[in-house]
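Residue numbers start from 1 in every chain, and the chains themselves are labelled A, B, ... in the order their sequence lines are given, proteins ahead of strands.
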Amino acid sequence: MAVRLCDVASLLRSGSWAAEPWTGQVITAMETQLSNGPSCTTSNGLNSVSNNCTSPVEMPNGNEDSKTNLIVNYLPQNMTQEELKSLFGSIGEIESCKLVRDKITGQSLGYGFVNYVEPKDAEKAINTLNGLRLQTKTIKVSYARPSSASIRDANLYVSGLPKTMTQKELEQLFSQYGRIITSRILVDQVTGVSRGVGFIRFDRRVEAEEAIKGLNGQKPPGATEPITVKFANNPSQKSSQALLSHLYQSPNRRYPGPLAQQAQRFRLDNLLNMAYGVKRFSPVTIDGVTSLAGINLPAHAGTGWCIFVYNLAPDADENVLWQMFGPFGAVTNVKVIRDFNTNKCKGFGFVTMTNYDEAAVAIASLNGYRLGDRVLQVSFKTNKTHKA
DNA sequence: TCCTATT
């Protein structure tokens, strides 16, 4: 089982995500896990221990498709689809490769799919790349289950666990309800002691439902307290919560003003429906924007505050602007500037917002925002005729 | 009281 360290290492050196300065060693270990190994503990991150107790080379449900199609989990946040393809392409010919990204923000969700032409290459990729350490992550490579609605929302959050309970014991407790895909017990970062909370992902949602019915409020054997078992939060919910709390803290709460009914409804729809996370990479504060605005005289045409959005992708459309700015308040107009001949976006656009405070928060939040593989520049549109 | 696994 020749692990092609040279191939992989050269790929890693050429990739931007391999050049993180804090990672002393890109490849710190490559523990290839074969089918019969009982010791399948994989560590991911500093404060948790995860277990992949399904052997990676074991076929899920004997589906023909899954002999070539792999799911790759725990990818570094900044790894691109091209880099994923490059890494897995070192094994054999790839039929298709997809890094899964948030539909709206374009951020990597940390997993992807690699479909090989030949089943033997898929197996080789599992044997070679499963357990590979990339930056702070230990990637997991396994056969993808056939895609189906029944396998979604099958992740459980478990709390109130005895601190002495091991992952194996946790799995033993839950395995009576179905096939466990992953399990995890969160541990204290410093002491490594269990925090009494964990996760169980089942193969199918119905199994998770049965586990809730059977175990929620029950005491595990030997335990003195009952455990809580519920569906885990999902990432999109978390994003909406971040948005909600962001809005809650935004200045427009203090000065509600006469917001149009339509604008409020639009904002609510967005909050409820969008899988959208506000990540503020921008060092610009609201005050920073305000002072900048003071210098550059933001354009206010009477109908609202005009915002300049720069570095949009060629295929950007109005929709993405509505989706980005809508949650921050009343948006009355958006426009993507396109080339007359090609109809492709020329890299910038404009958004008009009714209220100054909402516009300022939107700018502070979205300037420096990474949309796909681009970093946006967002500012009040300046009125050049009045500039020095 | 929350690790991120279904295109």
Side-chain angles (χ1 to χ4, degrees), chain A residues 41-54 56 60-61 63 65-66 68-77 79 81 84-85 88 94-103 105-116 126 130 136-161 163 167 170-171 174 178-189 192 194-205 207-208 216-217 225-242 275 277 279:
Chain A
T41 301
T42 306
S43 183
N44 262 297
L46 298 171
N47 61 344
S48 66
V49 178
S50 76
N51 217 345
N52 310 325
C53 281
T54 303
N61 302 331
N63 185 303
D65 294 350
S66 53
T68 58
N69 197 21
L70 303 179
I71 184 166
V72 186
N73 290 295
Y74 311 111
L75 293 168
Q77 172 61 225
M79 188 172 184
Q81 179 165 298
L84 181 67
K85 186 172 185 180
F88 282 79
I94 291 173
E95 191 277 326
S96 62
C97 170
K98 175 152 190 178
L99 178 69
V100 180
R101 294 180 178 275
D102 183 289
K103 282 190 178 62
T105 66
Q107 305 247 340
S108 166
L109 294 182
Y111 68 92
F113 297 88
V114 175
N115 193 18
Y116 283 99
I126 291 172
N130 182 49
T136 62
K137 304 283 192 175
T138 301
I139 70 169
K140 180 180 175 185
V141 184
S142 54
Y143 287 112
R145 291 171 285 162
S147 185
S148 146
S150 66
I151 67 175
R152 296 178 53 176
D153 304 315
N155 196 21
L156 296 179
Y157 175 76
V158 187
S159 59
L161 294 168
K163 300 283 197 285
Q167 212 159 20
L170 179 67
E171 290 207 353
F174 280 80
R179 177 180 170 220
I180 295 170
I181 301 300
T182 55
S183 70
R184 169 168 295 171
I185 289 178
L186 302 187
V187 299
D188 183 278
Q189 287 199 21
S194 165
R195 291 168 53 195
V197 303
F199 294 87
I200 294 280
R201 180 181 298 277
F202 277 103
D203 180 35
R204 291 178 300 138
R205 183 168 56 251
E207 296 169 338
N216 184 38
E225 298 300 321
I227 60 173
T228 300
V229 184
K230 52 167 74 168
F231 282 107
N233 291 345
N234 124 353
S236 57
Q237 286 166 351
K238 189 177 154 196
S239 302
S240 286
Q241 278 162 12
K279 293 233 172 164

Undergrad: Using a cut-off of less than 4.0 Å, is there contact between a side-chain N or O of A:R184 and OP1 or OP2 of B:dC2?
TA: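 So the side chain of A:R184 is outside the cut-off, no N or O lying under 4.0 Å from OP1 or OP2 of B:dC2.
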Undergrad: What's the closest nucleotide to the A:K137 side chain, out of B:dT6, B:dC3, B:dT4?
TA: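 For A:K137, the side-chain atoms sit closest to B:dT4.
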Undergrad: Among B:dT6, B:dT4, B:dC3, which nucleotide has an atom closest to any side-chain atom of A:F199?
TA: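 The closest nucleotide is B:dC3.
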Undergrad: Figure out the CD1/P separation between A:I181 and B:dT6, and round it to whole Å.
TA: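 For the pair A:I181 CD1 and B:dT6 P, the rounded distance is 10 Å.
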Undergrad: Whole-Å distance between B:dC3 C1' and A:I185 CD1?
TA: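 After rounding, the gap between these two atoms is 12 Å.
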Undergrad: With sugar-phosphate meaning primed atoms plus P, OP1 and OP2, does A:S147 contact a base, only sugar-phosphate, or nothing at under 4.0 Å between heavy atoms?
TA: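 Counting heavy atoms under 4.0 Å across all strands, the contact made by A:S147 includes a base.
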Undergrad: CG of A:L70 versus P of B:dT7: gap in Å, rounded?
TA: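 Checked: the CG to P distance equals 16 Å.
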Undergrad: Can you tell me the distance, in whole Å, between the OH atom of A:Y111 and the P atom of B:dT6?
TA: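 So the OH-P distance, A:Y111 to B:dT6, works out to 5 Å.
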Undergrad: Ignoring the backbone of A:K98, work out which of B:dC3, B:dT7, B:dT1 is nearest its side chain.
TA: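 Within the option list, the nearest is B:dT7.
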Undergrad: Hey, could you give me the CD1/OG1 distance between A:I94 and A:T68, rounded to the nearest 0.5 Å?
TA: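 Rounded to the nearest 0.5 Å, the CD1-OG1 separation comes to 11.5 Å.
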Undergrad: Could you tell me how far apart A:L186 (CG) and B:dT4 (C1') are, to the nearest whole angstrom?
TA: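 Rounded to the whole Å, the gap is 11 Å.
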Undergrad: Sub-3.5 Å donor-acceptor pair from the side chain of A:R205 to the main-chain atoms of A:S150, do we have one?
TA: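 Pair absent, no side-chain N/O of A:R205 close to backbone of A:S150.
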Undergrad: Using whole Å, report how far CG of A:L99 lies from P of B:dT6.
TA: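 Distance, rounded to whole Å: 14 Å.
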Undergrad: Answer yes or no: is there a donor N or O on one side and an acceptor on the other, between the side chain of A:R145 and the main chain of A:I151, under 3.5 Å?
TA: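 Such a contact is absent between A:R145 side chain and A:I151 backbone.
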Undergrad: For A:Y157, which contact category applies under a 4.0 Å heavy-atom criterion: base, sugar-phosphate, or nothing?
TA: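 Base contact.
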Undergrad: Among the candidates B:dT7, B:dC2, B:dT4, find the nucleotide nearest to the side-chain atoms of A:R195.
TA: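 Given the options B:dT7, B:dC2, B:dT4, the side chain of A:R195 is closest to B:dC2.
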Undergrad: Step by step, would you call A:Y111 with A:Y74 a ring pair (Phe, Tyr, Trp, His ring centres under 6.0 Å)?
TA: CA-CA 6 Å; A:Y111 68 92; A:Y74 311 111; 9.8 Å; no
Undergrad: Between the base of B:dT6 and the side chain of A:R145, is one N or O donor paired with an acceptor at under 3.5 angstrom?
TA: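 Yes, the side chain and the base share a sub-3.5 Å donor-acceptor pair.
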Undergrad: Would you mind reporting whether A:F113 and A:V72 have side-chain heavy atoms less than 4.5 Å apart?
TA: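 Side chain of A:V72 against side chain of A:F113, heavy atoms only: no contact under 4.5 Å found.
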Undergrad: Considering heavy-atom distances to DNA chain B, does A:S159 or A:R201 have its closest nucleotide positioned more toward the 5' end?
TA: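 By nearest-heavy-atom nucleotide position, the 5'-most residue is A:S159.
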Undergrad: Whether the side chain of A:N69 and the base of B:dT7 hold a donor-acceptor pair under 3.5 Å is what I'd like checked.
TA: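 When only heavy-atom distances are counted, A:N69 does reach the base of B:dT7 through a donor-acceptor pair under 3.5 Å.
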Undergrad: Assuming nearest nucleotide by heavy-atom distance, tell me which of A:I71 and A:T228 is located more 5' along DNA chain B.
TA: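 Per heavy-atom nearest nucleotide, the more 5' residue is A:T228.
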Undergrad: Between atom CG in A:L75 and atom P in B:dT4, what is the gap in whole Å?
TA: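 Computing the A:L75:CG to B:dT4:P distance gives 12 Å.
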Undergrad: With respect to the side chain of A:Y74, which nucleotide from B:dT4, B:dT7, B:dC2 is positioned closest?
TA: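 Between B:dT4, B:dT7, B:dC2, the one nearest the side chain of A:Y74 would be B:dT4.
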Undergrad: From CZ of A:R205 over to P of B:dT6, roughly how many Å is that when rounded to an integer?
TA: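 Result: 11 Å.
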